[in-house]
Protein chains: 2
Amino acid sequence: MLATETVENYLKAIYLLQREAAADEAPMGQIAAALGVTTGTATSMVKKLVAAKLARHERFGGVRLTTKGTRAALDILRRHRLVETFLVDTLGLDWSVVHDEAERLEHAISPMVLDALDRHLGRPAFDPHGDPIPRADGALQESEAMPMSELGSGDAARLVRVLDQRGESLRFLRASGLKVGATLRVVAIEPGAGVMRIRPDGGSVVSMSTTAASRVLVRLTRGRH
Amino acid sequence: MLATETVENYLKAIYLLQREAAADEAPMGQIAAALGVTTGTATSMVKKLVAAKLARHERFGGVRLTTKGTRAALDILRRHRLVETFLVDTLGLDWSVVHDEAERLEHAISPMVLDALDRHLGRPAFDPHGDPIPRADGALQESEAMPMSELGSGDAARLVRVLDQRGESLRFLRASGLKVGATLRVVAIEPGAGVMRIRPDGGSVVSMSTTAASRVLVRLTRGRH
DNA sequence: AGCATAAGTTTGACGACTCAAACTCTAGGA
DNA sequence: TCCTAGAGTTTGAGTCGTCAAACTTATGCT
Ligand SMILES: [Mn+2]
Ligand SMILES: [Mn+2]
Ligand SMILES: [Mn+2]
Ligand SMILES: [Mn+2]
């Protein structure tokens, strides 16, 4: 709204880093890395966010969004994820390319266009990667899910979310028939090799490292319990 | 592409002013007015365009795009008009609001998204206002049309383009049933009052000044001639 | 405890875009 | 032809976001 495009990018980056950090604080260096700027630049931008009451920060410490900043970040995240959903569902683009496109489009979407888009898409709750789409009022519901790496041999599950969103990973998953909503079964696990073998319904068996599998979230449909 | 958002706006404004100017040159003052900046600002930006070989200009004279500048302007115009078409056809927004939205979105559309959008819309040749959409190769075909003010009493015609795109005008036309593609008949002309009375098919008679009518372009379907 | 290293901060500078205000040119009427 | 009103240009300054490089602080290893 009132924030500049750059400020919007900082808010979104801080929000996401804060969620995944243990201390619920975004380290300055990671903010800089996320935005592709030097840490000096990040430091001075964060000062501006603090002055605008969007974030809190003390020298040599981490960064934390205020309520106002969090609200703004969720608004941007909503735009980002709705745009991604549009690009995949309506325009048919591949889920491995939509993030970068949305990164620019998210700043050009007015509330009016956003709502029309939301209605056109049927008010979706999740984006193509299974990430939850914040609602207009800022509500955000994470889905219940477990890492695929925790499944046992013979378990059946449904893929609900992909955390590693590098193009390379997304293309591998798509090529293997592993997209959000797909059902699959664990064919075998080889703990020594750190590899598990998965068969998506209607596809052929693929091998994945347990590390890679830990970044794919699933919901158990039929398992050892 | 390589141009900044500001440069893109200047190129588009100069292109449009050049088309409608007698001398095929865009006056500096009108460039400034179109962009909402002072003439001093426009002067210095035009210098940059000249340095980038996008425009030609001599002191105290008008501005003229080079071939390269024209090509870039047509590319932006294509993005603008395709976005407008999308906002109306796919999202159902009113034709009186889409210009301002497209003014921002046009800068965030990559070639990939543009092509997907074009395909999704069925490669349209005209935008919601009847303005021709430049093709990917830069080709632009204006449609044959005459001002509605030149119709005679009893003439039947099809509305093909609206030149006055101020929100107020567009809302009046829509409320009257006068949208692109609509057929209509001239019920009466009162030259003394400078007013003509029009009946859109399936609607009721409306009065328009001949000045307003001159900015609505039509194609004669059945007339005196 | 002492210190090297990683992390963060500060400073000075720059490019892009803008304005206000002083200045210069041009074209058309007296 | 001369002069002036309107159009265009220049200059100086400011904001925003950025970098490089010098500097400061915190941490954890010996
Ligand atoms: Mn972004
Ligand atoms: Mn996503
Ligand atoms: Mn624009
Ligand atoms: Mn248009």
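Computation of the quantities below employed the complete heavy-atom set of this structure, encompassing side-chain atoms and omitting hydrogens, waters and symmetry-equivalent molecules. Chain naming here is simple, since letters A, B, ... match the order of the sequence lines and numbering starts at 1 in each.
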Does B/T6 have a side-chain nitrogen or oxygen under 4.0 Å from the phosphate oxygens OP1 or OP2 of C/dC17?
yes
Looking at A/T4, does any N or O in its side chain come under 4.0 Å of the phosphate oxygens OP1/OP2 on D/dG17?
yes
Is a side-chain N or O of A/D127 found less than 3.5 angstrom from the main chain of A/G130, in a donor-acceptor match?
yes
Whether B/S44 contacts C/dT18 is assessed here as follows: a side-chain N or O lying under 4.0 Å from the phosphate OP1 or OP2. Is that the case?
no
On the six-membered ring of B/Y15, is B/R19 placed so that its NZ or CZ lies under 6.0 angstrom from the centre and within 45° of the ring axis?
yes
Those residues of residues 100-110 of chain B lying under 4.0 Å from DNA chain D by at least one heavy atom:
none
Distance, rounded to the nearest Å, where B/L17 contributes CG and D/dA7 contributes P
15 Å
Rounded to the nearest angstrom, tell me the gap between atom CG in A/N9 and atom C1' in D/dC16.
14 Å
Exercise: do A/S169 and A/D164 side chains pair donor with acceptor under 3.5 Å
yes
Between the main-chain N or O of B/L65 and the side-chain N or O of B/Q18, is there a donor-acceptor pair closer than 3.5 Å?
yes
Using only atom types and a distance under 3.5 Å, with no angle test, would you say the side chain of A/S209 pairs donor to acceptor with the backbone of A/A212?
yes
Tell me which residues in residues 51-58 of chain B lie within less than 4.0 Å of DNA chain C, going by non-hydrogen atoms.
none
Report the distance from atom NZ of A/K48 to atom P of D/dT15, rounded to the nearest whole Å.
11 Å
Under the side-chain hydrogen bond (donor to acceptor under 3.5 Å, both in side chains) rule, collect the residues that match up with B/T41, sequence neighbours excluded.
B/T38
Quick test of your reading: applying ring-ring contact (aromatic ring centres under 6.0 Å, His included), list the pairs with at least one residue in residues 31-89 of chain A, sequence neighbours left out, ordered by first then second residue.
A/H80-A/H99, A/F86-B/F86
Distance test, side-chain N/O of A/Y10 to OP1/OP2 of D/dC16, below 4.0 Å
no
Contact check, residues 18-36 of chain A vs DNA chain D, heavy-atom distance under 4.0 Å, returns A/G36
Ignoring backbone atoms, test whether B/K47 places a side-chain nitrogen or oxygen under 4.0 Å from the OP1 or OP2 oxygen of D/dT10.
yes
Look only at the side chain of B/R219 and the backbone of B/A145, and say whether a donor-acceptor pair between them is shorter than 3.5 Å.
no
Give a yes or no answer on whether the side chain of B/K68 reaches the backbone of B/A52 with a donor-acceptor pair at less than 3.5 Å.
yes
The side chain of A/V37 lies closest to which of these nucleotides: C/dT18, C/dA16, D/dT18?
D/dT18
Protein-nucleotides 20-28 of chain D N/O pairs closer than 3.5 Å?
none

Would the distance check show the side chain of A/T66 and the main-chain N or O of A/K53 forming a donor-acceptor pair, the cut-off being under 3.5 Å?
yes
Do any N or O atoms from the side chain of A/R197 and from the backbone of A/I189 form a donor-acceptor pair under 3.5 angstrom?
no
Report the distance from atom CD of B/E5 to atom P of D/dC16, rounded to the nearest whole Å.
17 Å
Inspect the surroundings of CZ in B/R123 and state if more than 12 heavy atoms from other residues, nucleotides or ligands are less than 6.0 Å away.
yes
Return yes if some donor-acceptor pair links the side-chain N/O of B/R64 with the main-chain N/O of B/A26 below 3.5 Å, else return no.
no
So does A/R161 get a backbone contact from the side chain of A/H129, meaning a donor-acceptor N/O pair under 3.5 Å?
no
